[in-house]
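Both counts, for ligands and for their atoms, begin at 1 and track the order of listing. Computed over heavy atoms, backbone and side chain alike; hydrogens, waters and symmetry mates excluded.
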Amino acid sequence: MARILPKSGSPFVIFSVVFFFIAVAVAGKPNSFSRSLSQKKIGLKKEKLSHFRLYWHDIISGPNPTGVIVVGPPSNTSVTGFGLTRMIDNPLTMGPKMSSKLVGRAQGFYASAAQQELGLLMAMNFAFIEGKYNGSTITILGRNPVFSTVREMPVIGGSGLFRFARGYVQAKTHTLDLKTGDATVEYNVFVMHY
Ligand SMILES: *[C@@H]1O[C@H](CO)[C@@H](O)[C@H](O)[C@H]1NC(C)=O
Ligand SMILES: *[C@@H]1O[C@H](CO)[C@@H](O)[C@H](O)[C@H]1NC(C)=O
């Protein structure tokens, strides 16, 4: 202790230094902006796993599309439309038919991110409106090679009942209209949350 003090240390300096170390020991780092918190205190009790099966409707044709191109492909020569970006507000329903119960919307965008095959970058929030999930969201970010039978993408987070969410989705095309481009995709969501 004495070695780190200046040789000319007055009793006041010594007192200040000692006081500083005691204060640090008692209160943590000076000017601290972080603290540790008990999970239970903020209502995070037991982590659980939930499974949802939803149908995602991408309507890009007709007078009321739910997906619109916001960035066109910069080149007409790319067969995959590399660069094309479409903003979506797609209905999520309980059954494969559009007329079945609406449980939420998939909001975000997808973009053609592959030059050799049709591979999309998906960035979207599933915003639920049904029952206790109303107002809660799940965030999905991943790669979607649309012509593969099952495409897996990570769930990277969530809000509301899905705070601290992690998991994955599996997307499987249910119907695809090659003329209009409209598609219905079955999404199976597996998510860990509290
Ligand atoms: C793409 O094709 C359209 C219509 O044929 C043309 O007007 C446009 O200039 C082309 N864009 C590029 C980047 O070549
Ligand atoms: C969901 O929450 C919103 C806003 O709080 C409310 O207006 C709406 O009626 C709720 N919907 C359902 C289906 O509970």
Practice prompt. Verify whether the ring centers belonging to Tyr133 and Phe52 lie closer than 6.0 Å.
Written response: yes

Worksheet item: What about the rings of Phe128 and Phe162, do their centers lie closer together than 6.0 Å?
Response: yes

Worksheet item: Got Thr66 and Pro91 here, is their nearest side-chain heavy-atom distance under 4.5 Å?
Response: yes

Worksheet, complete the sentence: In this structure, atom 10 (C) of ligand 2 is nearest to the protein heavy atom Asn134 ND2, 2.4 Å

Discussion item. I'd like to know if Ile59 and Met122 are part of one continuous hydrophobic network [Ile/Leu/Val/Met/Phe/Trp/Tyr, side-chain heavy atoms within less than 4.5 Å].
Written reply: no

Fill in: Parallel, tilted or perpendicular: ring planes of Tyr187 versus Trp56, cut at 30 and 60 degrees
tilted

Discussion item. Can you confirm whether some protein heavy atom lies under 4.0 Å from atom 2 (O) of ligand 2, or whether none does?
Written reply: yes

Worksheet item: Under 4.0 Å from atom 14 (O) of ligand 2, is there any protein heavy atom?
Response: yes

Discussion item. Could you check whether atom 5 (O) of ligand 2 has a protein contact, counting only heavy atoms that fall below 4.0 angstrom?
Written reply: no

Discussion item. Under 4.0 Å from a heavy atom of Ile129: which atoms of ligand 2 are those, numbered in the order shown and with their elements?
Written reply: 11 (N), 12 (C), 13 (C)

